[in-house]
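Okay, structure first, notes after.
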Amino acid sequence: MSDYQFKAEILPIRDKLFHIAQKILAEEQEAEDAVQEVLLKLWHMRDSLNKYDNTAAFATTVTKNHCMDRLKMIRRTDSLDDTYNSRAGTDNPYLQLERKNTEEVLQQIIENLPTLQQAIIRMKDMEEYEVEEIAEITGTKVEAVRVNLSRARKKVREEYLKWTTR
Amino acid sequence: MRSIKKYLVLMSVAIFGILQQLQAQSDLQISKAFDQYGERKGVVMVELTNEMLDGYDFSLFKSITIKDNPTASEFIRKCLAKDEIGAKKVKQVISNGIPTSTYLQLPHKGQLFRLILFSETFKPESKITLIYIESKNDSEDVLKLILKRK
Amino acid sequence: MKIINQHSGNYEEIDRLIDRYYEGLTSSEEEKQLRNLLSRKDLPESYKPEQVIFGYFETKKQKRIFMLQPYLRWGTAVAAIVIMAFNLQVFMPTNASNYAFIDGKKTTNVDDIKMHALASLNNVSCDNEEVEKSFDSLNDKEIMKEQLDAFSGLAE
């Protein structure tokens with residue numbers, strides 16, 4: 001599926017996907033993040049999307065599965081505010097990081113970011129997309145992407161400093 | 001991922017283009033006749049590029065006339081038989097069961113029309129003539145002009 | 001705008017870009033610039049986090065495309081050159097290619113050559129009657145065979 005095809009076939013059903021997400025996740029912000037994550041997932045697999053007869057149905061399935069996974073994650077955490085530490089596991093995450101080198105540390109830090117922030121920082125810093133392009137693919141405003149990107153980058157710096165100054 | 005795909009597409013187009021070029025250059029069997037007999041005794045071979053001949057405009061004109069050489073005749077006829085495939089036989093003259101004149105219109109090379117003209121006579125002497133023409137002019141016009149020479 | 005790094009001296013440009021970076025405001029172009037600035041060896045310790053982070057992203061980028069890109073780039077370049085070479089051969093007017101071999105002897109006298117060329121054309125041409133019939137064959141787009149006893153010899 002080409003870039004153009006993706007924008008023409010997948011983006012128009014964003015609302016439908018959002019409603020599915022909202023039904024499962026209840027909270028609007030959760031659903032919004034989930035939909036963006038799903039769209040980025042679908043974007044990265046757009047080359048193999050043509051083999052599905054009904055891409056809309058496929059996208060719906062992906063959304064349902066993704067939201068169910070998210071739900072499991074949320075229910076597992078004790079503190080809903082501290083998503084970062086809950087994702088890192090119940091052990092002290094910094095003990096785990098001790099024996100690793102810088103590259104591994106940063107990899108771990110990024111993997112512990114909330115899913116959407118992780119996806120966005122990868123697309124910007126590794127795949128060199130522009131913020132406008134990411135906004136288009138996720139069907140959001142540029143400002144929304146910028147905010148997530150900013151949070152992600154600041155978090156990476158913060159966690160890195162925690163590790164180096166222990 | 002996008003740039004890799006772009007490169008793959010470019011590459012395949014490039015390779016395809018090369019193959020096309022190779023095909024156009026070496027697709028004629030009769031070129032062997034020119035190579036083999038062109039510089040021998042009893043043979044007249046001519047090549048003209050982008051020249052006007054008696055009012056006709058040719059991009060390429062190649063002809064070979066061979067006297068008293070039945071082996072060459074046989075060889076050229078075999079080459080012709082192969083080059084005939086896929087070509088339009090505009091005219092053929094048969095005498096006593098064998099073709100004594102054949103005019104072929106070959107598939108285009110780009111914008112160029114291509115013709116093969118072949119003729120063999122036995123009286124007063126044994127003589128075989130093979131002509132290859134490439135021309136930007138409509139092949140029908142070129143043929144008319146040639147055929148009207150007498 | 002929250003300022004994360006603040007330094008005296010001539011690091012204004014780096015500081016400005018770094019601030020924009022953490023706000024998510026930098027374009028890919030600006031990030032390239034920032035990466036170049038950060039690759040200098042003589043920077044103060046305080047820039048270490050950014051140097052490390054940018055360095056990490058760089059390795060991620062390069063690993064992804066290193067595998068194929070050099071070969072593809074060279075491949076397409078070579079292919080393009082080969083095509084151009086072929087095109088030149090085929091379409092460039094090779095005016096030098098006028099010659100005739102008569103009994104094995106080569107001549108490049110264009111008038112002589114043309115004379116022989118016309119002679120060969122005479123060998124394959126036919127009389128008017130046949131011309132009419134040839135038109136028909138061209139128009140009908142049919143393969144046509146004719147038996148012409150009168151045509152068993154040509155040069156009359």
Side-chain angles (χ1 to χ4, degrees), chain B residues 3-4 7-8 10-11 14-15 17-18 21-22 24-25 38-51 53-54 60-61 63-65 88-96 99-101 103 105 109-110 117-119 121-124 127 129-131 140 143-144 146-150, chain C residues 64-65 68-69 72-73 75-76 78-80 82-83 86-87 89-91 93-106 110 113-114 116-128 130-131 133-135 137-139 141 143-149 151-156:
Chain B
S3 39
I4 292 181
Y7 280 125
L8 283 172
L10 278 173
M11 269 271 271
I15 292 173
I18 295 177
Q21 302 282 20
L22 288 171
Q25 295 274 34
E39 299 175 32
R40 294 206 198 168
K41 278 215 139 194
V43 174
V44 175
M45 177 168 79
V46 165
E47 178 168 321
L48 287 164
T49 320
N50 289 318
E51 285 288 342
L53 251 189
D54 210 29
L60 177 64
F61 180 99
S63 80
I64 186 168
T65 308
K88 188 164 91 179
K89 209 181 281 182
V90 174
K91 179 177 174 56
Q92 191 167 56
V93 177
I94 298 186
S95 174
N96 296 327
T100 51
S101 290
Y103 308 139
Q105 186 183 329
K109 179 158 100 174
L117 309 172
F118 163 83
S119 186
T121 58
F122 302 98
K123 300 178 222 189
K127 184 166 72 177
T129 310
L130 177 67
I131 302 180
E140 190 171 315
L143 265 175
K144 276 190 212 171
I146 293 171
L147 296 173
K148 267 197 170 150
R149 284 195 64 75
K150 286 223 161 135
Chain C
R64 188 171 58 84
I65 54 182
L68 281 176
Q69 205 166 51
L72 284 177
R73 277 225 181 99
T76 34
V78 168
V82 172
I83 288 186
F86 268 115
N87 275 317
Q89 274 184 34
V90 171
F91 295 118
T94 38
N95 290 315
S97 212
N98 293 327
Y99 60 79
F101 280 92
I102 302 150
D103 276 339
K105 271 207 209 126
K106 186 173 179 182
V110 178
I113 299 172
K114 285 194 179 178
H116 287 287
L118 289 172
S120 63
L121 271 177
N122 268 331
N123 289 340
V124 299
S125 61
C126 48
D127 61 28
N128 275 324
E130 299 317 311
V131 170
K133 297 196 177 157
S134 304
F135 287 170
S137 96
L138 282 169
N139 291 332
K141 295 189 199 289
I143 298 174
M144 197 171 81
K145 286 185 187 179
E146 281 184 44
Q147 287 233 348
L148 300 154
D149 293 81
F151 209 70
S152 56
L154 275 174
E156 230 67 55

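All of these numbers come straight from a predicted model, not from anything done at the bench. Only heavy atoms go into these numbers, but all of them, side chains included; no hydrogens, no water, no symmetry mates. Labels below follow one simple rule: chain letters A, B, ... track the order of the sequence lines, proteins then strands, and each chain is numbered from 1.
Between C:N98 and B:E51, the shortest heavy-atom distance links the atoms ND2-OE2, 3.2 Å. Among all heavy-atom pairs drawn from C:A117 and B:L48, the shortest one is CB-CD1, 3.9 Å. Across B:V44 and C:H116, no two heavy atoms sit closer than the pair CG1-ND1, 3.8 Å. Contact record, B:F118 with C:V124: C-CG1, 4.2 Å, taken as the closest heavy-atom pair. For the pair C:S120 and B:T65, the tightest heavy-atom approach, listed with the atom from each and the gap, is CB-OG1, 4.0 Å.
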Q: Please report the C-alpha distance between B:E47 and C:F101 in whole Å, then the side-chain angles of each, then the deciding distance to 0.1 Å, and finally whether the side chain to side chain contact (heavy atoms under 4.5 Å, CB included) criterion is met.
A: CA-CA 9 Å; B:E47 178 168 321; C:F101 280 92; over 6 Å; no
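Side chain of B:T49 to main chain of C:S97: a donor-acceptor pair is present (N/O by atom type, distance under 3.5 Å, no hydrogens or angles).
To the nearest 0.5 Å, atoms CD1 (C:I102) and CE (B:M45) are separated by 11.0 Å.
In this structure, the side chains of B:T121 and C:N123 stay at 4.5 Å or more apart for every pair of heavy atoms.
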